[in-house]
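Below, chains carry the letters A, B, ... as their sequence lines are ordered, and counting in each starts from 1.
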Protein chains: 2
Amino acid sequence: MKNKQDSLYVSTLARGLQILRAFDESHVSLSLTDLVARTGLEKSAVQRMAHTLHLEGMLDRDPKTRRFRPSHAWLELAYAYYWSDPVIARALPKLIEFSHAEGETINLAQMSGDHIIYSLRLPNQRIHFAASIVGRRLPALNTAAGRVMLSTRPDAEIDEVCANWPLVQATRKTLTDRDEIARSIKAARENGYCITRDQMLLNEISLAAPVRGTDGQAEAAVQISISGVAFDERQVLEKFLPTLLDTTAGILG
Amino acid sequence: MKNKQDSLYVSTLARGLQILRAFDESHVSLSLTDLVARTGLEKSAVQRMAHTLHLEGMLDRDPKTRRFRPSHAWLELAYAYYWSDPVIARALPKLIEFSHAEGETINLAQMSGDHIIYSLRLPNQRIHFAASIVGRRLPALNTAAGRVMLSTRPDAEIDEVCANWPLVQATRKTLTDRDEIARSIKAARENGYCITRDQMLLNEISLAAPVRGTDGQAEAAVQISISGVAFDERQVLEKFLPTLLDTTAGILG
DNA sequence: TTCGGAGTTATCATTATTTGATAACTGTGA
DNA sequence: TCACAGTTATCAAATAATGATAACTCCGAA
């Protein structure tokens with residue numbers, strides 16, 4: 001980040017990006033002084049960067065409160081992303097079919113460093129907001145989708161990431177024993193799927209299967225969220241696993 | 001863009017943004033020389049900006065071809081946008097209900113300058129890719145959603161934008177007569193909805209109704225796309241208008 | 001295998017641009 | 001009415017970006 005001696009690194013641009021990244025789910029609108037606090041930049045720098053981003057259409061500004069907000073341009077960037085990632089176009093029609101068949105919430109997840117990111121979401125019943133919108137990141141080891149994608153990698157790599165990648169304790173039942181997670185990943189390799197319960201949210205069952213690239217490694221995972229009140233894990237497998245595997249197999253084409 | 005005498009304008013940041021905006025649906029990956037051609041920047045500037053954006057995680061780079069691509073960070077920005085816009089959270093559960101009830105493709109659209117932008121999409125059957133993903137922009141005057149949002153504005157403004165805003169001729173049946181569009185908008189005000197056919201795509205019927213803010217002006221529009229092969233306009237109104245109006249009314253809460 | 005050339009990476013002197021400090025302004029609540 | 005927190009404007013100093021150019025890589029053709 002703080003790359004010194006890199007003569008090609010343009011720190012002014014990096015500072016501007018810091019402003020954009022200051023916005024997140026708990027910082028939905030920020031004043032100049034908020035931005036100063038969140039970025040650690042000079043007051044003058046923040047003033048200039050925010051002003052420029054506003055003129056360039058990247059930030060909206062409430063004329064009353066003078067606070068900045070993400071603009072529609074942020075969605076246009078997502079649009080460009082969707083076109084650029086070939087997995088998306090291949091997966092989307094299959095996900096729609098799947099969603100239609102099951103009437104449950106279907107997601108496409110991808111690896112993004114040591115997290116997964118949800119890149120497509122088809123919400124089908126009332127779940128909480130964060131679980132309905134794309135772009136959410138979660139630690140890969142905490143999630144069924146992350147584990148099933150890791151399961152397509154060599155053993156050595158699995159042990160390595162299980163030892164080092166971040167974990168969060170999202171619920172009191174979240175699994176944080178790294179050895180057990182490693183075992184869960186290796187079991188996923190045998191099974192071709194991964195199922196979890198109560199990991200990010202209580203009473204949520206999550207079932208995921210990998211979308212394999214030509215080299216056999218996972219490019220993505222299709223994941224389905226089911227209420228743990230209505231079903232137990234065995235029922236979920238019986239009811240949803242076959243269509244899930246059909247879906248992921250179909251995406252390979 | 002070419003801002004002179006604005007001492008707060010940081011042109012270096014603006015140049016970096018130009019790199020990001022060079023990517024779109026027909027430019028999904030770009031080499032350095034592509035970027036030079038598309039942005040008109042100096043070769044050296046492009047080299048530095050792209051390098052910085054790569055280090056900052058905003059661009060991925062294919063190690064083989066050396067081409068740049070949008071990164072997952074672009075979806076994270078969309079995530080932040082979704083949290084920041086209060087209409088989204090209010091509309092989403094209602095859209096899910098609506099989508100569930102009708103089994104058709106439902107969208108939330110918002111005004112963005114003289115275009116509309118789709119901010120939520122619940123695709124429910126196979127439609128073309130561009131119509132399934134968020135962030136797409138279309139000239140407001142060409143669309144049912146745009147017209148119905150404009151219909152909540154004063155007459156003077158409607159006449160003004162009808163005279164000046166951009167139009168595209170997307171199909172041979174696209175309406176390009178500006179007076180007729182103005183009449184269509186005023187009719188939408190009387191009706192509380194707008195219906196179009198063959199405007200952006202042949203055999204597509206589009207029905208939209210406004211989501212009104214406290215001042216009565218539209219904050220957004222809910223729009224539904226229906227096959228013009230299976231239904232005619234009268235049938236569409238009969239079948240979908242009541243639930244559409246329920247949906248938009250419900251979002252006001 | 002060598003060669004040519006397009007495209008990418010690296011270097012550097014020059015100075016235009018950004019910088020950060022500070023002053024002036026604005027509006028809101030006491 | 002005042003005080004103050006937050007926002008906007010100004011400016012001299014020099015850092016950090018610039019653009020020209022050179023060196024390097026890689027790929028395909030001969």
Side-chain angles (χ1 to χ4, degrees), chain A residues 1-23 26-71 84, chain B residues 1-23 26-71 84:
Chain A
M1 215 72 166
K2 254 310 173 33
N3 208 309
K4 273 306 150 198
Q5 22 259 46
D6 181 344
S7 64
L8 294 179
Y9 186 79
V10 182
S11 51
T12 305
L13 173 53
R15 258 175 288 224
L17 296 175
Q18 275 189 76
I19 302 284
L20 298 182
R21 286 194 288 241
F23 295 86
S26 47
H27 300 89
V28 298
S29 90
L30 295 169
S31 67
L32 281 176
T33 41
D34 292 340
L35 283 167
V36 170
R38 263 183 79 67
T39 60
L41 297 175
E42 290 292 326
K43 181 163 76 163
S44 303
V46 168
Q47 179 188 10
R48 284 190 295 266
M49 299 298 158
H51 176 251
T52 306
L53 290 168
H54 177 55
L55 285 184
E56 292 296 325
M58 293 300 296
L59 290 177
D60 287 344
R61 184 165 211 188
D62 185 311
K64 190 85 185 161
T65 68
R66 323 252 79 188
R67 306 185 120 246
F68 293 97
R69 291 208 4 225
S71 77
S84 75
Chain B
M1 216 72 169
K2 256 307 188 334
N3 206 305
K4 47 279 160 173
Q5 20 260 51
D6 182 344
S7 64
L8 294 179
Y9 186 79
V10 182
S11 51
T12 304
L13 173 54
R15 253 170 288 203
L17 296 175
Q18 275 189 76
I19 302 284
L20 298 182
R21 286 193 288 239
F23 295 87
S26 47
H27 301 88
V28 298
S29 91
L30 295 169
S31 67
L32 280 177
T33 39
D34 292 340
L35 284 167
V36 170
R38 264 184 78 67
T39 60
L41 296 176
E42 289 292 327
K43 182 162 76 162
S44 303
V46 168
Q47 179 187 10
R48 286 190 294 266
M49 298 299 158
H51 176 252
T52 306
L53 290 167
H54 177 54
L55 285 183
E56 292 295 324
M58 294 301 296
L59 290 177
D60 287 344
R61 184 165 211 189
D62 186 308
K64 189 85 185 160
T65 67
R66 324 250 78 189
R67 306 184 121 246
F68 293 97
R69 290 207 6 224
S71 78
S84 77

Given side-chain hydrogen bond (donor to acceptor under 3.5 Å, both in side chains), test Arg48(B) with Ser44(B) step by step and report yes or no. CA-CA 6 Å; Arg48(B) 286 190 294 266; Ser44(B) 303; 4.8 Å; no
Could you check how far CZ of Arg48(A) sits from C1' of dT17(C), rounded to whole Å? 10 Å
Could you tell me how far apart Lys43(A) (NZ) and dT10(D) (C1') are, to the nearest whole angstrom? 13 Å
Distance check needed: dT19(C) P versus Leu41(A) CG, whole Å only. 9 Å
Taking CG from Leu8(B) and C1' from dT19(C), how many angstroms apart are they, rounded to a whole number? 12 Å
Stepwise, does the side chain to side chain contact (heavy atoms under 4.5 Å, CB included) test hold for Asp34(A) with Arg67(A)? CA-CA 9 Å; Asp34(A) 292 340; Arg67(A) 306 185 120 246; 2.6 Å; yes
Indicate, yes or no, whether a donor-acceptor pair under 3.5 Å links the base of dA20(D) to the side chain of Glu42(B). no
What do the steps show when you test Leu13(B) against Glu56(A) for side chain to side chain contact (heavy atoms under 4.5 Å, CB included), and what is the final call? CA-CA 10 Å; Leu13(B) 173 54; Glu56(A) 292 296 325; over 6 Å; no
Which is it for Asp6(A) and Leu55(B) under the side chain to side chain contact (heavy atoms under 4.5 Å, CB included) test, yes or no, and what are the steps along the way? CA-CA 11 Å; Asp6(A) 181 344; Leu55(B) 285 183; 3.5 Å; yes
Given that Leu13(A) and Gln47(B) both sit by DNA chain D, which one's nearest nucleotide is further toward the 5' end? Leu13(A)
Under 4.0 angstrom between Ser44(A) side-chain N/O and dT18(C) OP1 or OP2: no
Hey, could you give me the CG/CG distance between Leu59(B) and Leu35(B), rounded to the nearest 0.5 Å? 8.0 Å
Any Arg15(A) side-chain nitrogen or oxygen under 4.0 Å from OP1 or OP2 of dT19(C): yes
From the options dA10(C), dG20(C), dT10(D), select the nucleotide whose nearest atom is closest to the side chain of Ala45(A). dG20(C)
May I have the distance from Arg67(A) (atom CZ) to dT7(D) (atom P), rounded to whole angstrom? 8 Å
Roughly how far apart are Thr12(B) OG1 and Arg15(A) CZ, rounded to 0.5 Å? 10.0 Å
Give a yes/no on whether any side-chain N or O of Thr12(B) is located under 4.0 angstrom from OP1 or OP2 of dT18(D). yes
Is it the case that the side chain of Ser84(A) and the backbone of Arg69(B) share a donor-acceptor pair, with hydrogens and angles ignored and the cut-off at 3.5 Å? no
Using a cut-off of less than 4.0 Å, is there contact between a side-chain N or O of Arg61(B) and OP1 or OP2 of dT9(C)? yes
With the threshold set at under 4.0 Å for non-hydrogen atoms, list the residues of residues 30-40 of chain A touching DNA chain D in residue-number order. Ser31(A), Leu32(A), Thr33(A)
Without decimals, in angstroms, what is the distance between Gln18(B) CD and dA17(D) P? 17 Å
Between Val36(A) and Leu41(A) the two heavy atoms that sit nearest each other are CG1-O, 3.6 Å
Take atom OH of Tyr9(B) and atom P of dT18(C), then tell me their distance rounded to the nearest Å. 10 Å
Go through the steps for Val10(A) and Met49(B) under the test side chain to side chain contact (heavy atoms under 4.5 Å, CB included), then give the verdict. CA-CA 7 Å; Val10(A) 182; Met49(B) 298 299 158; 4.2 Å; yes
Estimate the overall bend of the helix from dT1(C)-dA30(D) to dA30(C)-dT1(D) from the end axes over five pairs each, rounded to 10 degrees. 40°
Side-chain contact check for Val10(A): nearest option of dT19(C), dT9(C), dA17(D) is dA17(D)
CG on Leu32(A) to CD1 on Ile19(A), rounded to 0.5 Å: 8.5 Å
Nearest-Å distance, CG (Asp6(A)) to P (dA17(D))? 11 Å
Under-4.0 Å side-chain N/O to phosphate OP1/OP2 contact, Arg66(B) with dG7(C): no
